[in-house]
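Okay, so here's the structure we're looking at.
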Number of protein chains: 2
Amino acid sequence: MSSLVLKLSSVYDWVMSQKLFAATADDPVQDPAMLRIDNPPVTLREMALERLRNAIIAGIFRPGQRLVERALCDQLGVSRSVIREVLRHLEAEGLVEMAPKQGPIVALIAWHQARQIYDIRIALETTAVADCARGADPDTKEKLRTVLEDLDRNSRKNDALTILAATNAFYETIFLSGGHEIAWDIVKRLNGRISRLRVMTLATANRTISGPANMRAIFDAILRNDPDAATAACRAHITEAARIAEGLLSPETPATIA
Amino acid sequence: MSSLVLKLSSVYDWVMSQKLFAATADDPVQDPAMLRIDNPPVTLREMALERLRNAIIAGIFRPGQRLVERALCDQLGVSRSVIREVLRHLEAEGLVEMAPKQGPIVALIAWHQARQIYDIRIALETTAVADCARGADPDTKEKLRTVLEDLDRNSRKNDALTILAATNAFYETIFLSGGHEIAWDIVKRLNGRISRLRVMTLATANRTISGPANMRAIFDAILRNDPDAATAACRAHITEAARIAEGLLSPETPATIA
DNA sequence: TTCCGTATGTTGGTATACCATCATATCAAG
DNA sequence: CTTGATATGATGGTATACCAACATACGGAA
């Protein structure tokens, strides 16, 4: 770990690949603002933020691990100003905590918190899928179909991070189709906080089977424009994930996952 | 506005009054960790964060207004490092946006976003009040009664910020009694983003009447341990607030409230 | 009068320097 | 062997310096 390096030199392509700009660019057909030159002022801070966030979510930095500022400076190749501003952002996101007298550490997650997160996801995601089932346009349905195909392909390879990305794409499509950008922001943030749990959950054998099955049930309900069925399937999906997560986390020490 | 000064000198008492530490100190009876000395490292950054956040929520800085870093340095009496880290935090909270080529501005709120926020609040708050109604202990009920009394007293004075604080205390009690700390964090943050709307909504005459009435209906339902009635009353409370807010915001220019 | 180029001042982005504090190690006294 | 005091190294908190880029104002030329 001491040799970990996350250099930012020549990461422009990487940044571009992260569709950082999806939030600002709408459908080119409808949005004349698409003509904007939009030379994106990719700042060091933004790059470092994405890097560090991904590193934490991917588990490169373990929960509870100290994030020594000067060490991060070396690893990322930027100054402390940048690192500290990034840490403030991640702190507000809940991914980093400030341990008293110690400085920043990767946030710990207790089961009673994870459970709340799953509950909130149920509340927000069931609303979103129901809305989507009520009025999904053909484009959305087609997109969901494509995402599910990707998921099926990838679920066989059992690459947790890839599956996670596909799952995110699935729900992102649902949320955004119903105009729930803010709710999606919240869910994204919450998912970041339980990312380790999600990876561990996916590693569970039966999860790679029933997870996609549940999502297909949601998809079918949306195709049939059946909000109630979609809600039920969504609730089942998250509830099951939460149950698996509880089995993984609950027996651990009283409040943390290391 | 140019003479605005938010000096931090000798604000220790103010900070203490903000119950910054409520999150770290639990019930002293149950929590032996309460014995900790806990010399709170009140950092300049934390003070500046609270100050600036409150200033934005209170409307001292208007939506869309530029937050020039060096000017804030003068107004708050701290260096740019502190200001910039605070701005990062507020940016992650959604209270501040980074305008391209311009720097930070107070976040604008469009009605289609405000509407989403009210919808999310309905999802989260109905869940919380239902849980509270299911298993509220006498202490919680007593606390709610006290808060409602405060509200009645203050609602006559028509001081929007005070009423807002009492309303927050009401819901905070409900959320925390059911162990929904994370949901309450989310709601708090969302409320910050629509704080102007909330103040304007409260200024509406009939709101000062029906708002407390709705909250009393929620309270009564909790007293009777009637989750369904509590849910309905809560939904009515938020829906009504949203309707008033829509009337205030919707006729405005296409996407912002200034 | 209009248009264009230059100069200037403001702003955010970045890096670095300094300081108080805390944790740890070392060592001496009991 | 244990306890306590001192020294030292590391860490976060804070302030400041420097720079590139942008916006604006001004002035001259067509």
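Just so we're clear, the structure is a prediction, and the values are computed from it rather than from any experiment. Letters A, B, ... mirror the listed sequences (proteins, then strands); counts begin at 1.
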Classify the nucleic acid contact of [X] as base, sugar-phosphate or nothing, counting any heavy atom under 4.0 Å across all strands shown.
X: A:Ile83; result: nothing
X: A:Leu87; result: nothing
X: B:Arg45; result: sugar-phosphate

Is any side-chain N or O of B:Arg80 under 3.5 Å from a base N or O of C:dG13, one able to act as donor and the other as acceptor?
-> yes
Any side-chain donor paired with an acceptor under 3.5 Å for B:His89 and B:Glu85?
-> no
Taking only residues two or more places apart in sequence or in another chain, which ones pass side chain to side chain contact (heavy atoms under 4.5 Å, CB included) with [X]?
X: A:Leu176; answer: A:Glu172, A:Glu181, A:Trp184
X: B:Glu97; answer: B:Ile105, B:Ala107
X: B:Ser195; answer: B:Ile57
X: A:Arg70; answer: A:Arg80

The residue, A:Gln102 or A:Arg70, whose nearest nucleotide of DNA chain C is more 5′ is A:Arg70
Separation of atom CG in B:Leu67 from atom C1' in C:dG13, rounded to whole Å = 17 Å
A:Leu44 CG to C:dG12 P: how many Å, rounded?
-> 17 Å
Note: chain B reaches DNA chain D at heavy-atom distances under 4.0 Å over the stretch, first to last nt, 5' to 3', of D:dG13 to D:dC22
Counting just side-chain N and O atoms, does B:Arg84 come under 4.0 Å of either OP1 or OP2 of C:dG13?
-> yes
How would you list, by chain and number, every residue that makes a salt bridge (charged side-chain N to carboxylate O under 4.0 Å, His left out) with B:Glu125, sequence neighbours excluded?
-> B:Arg121
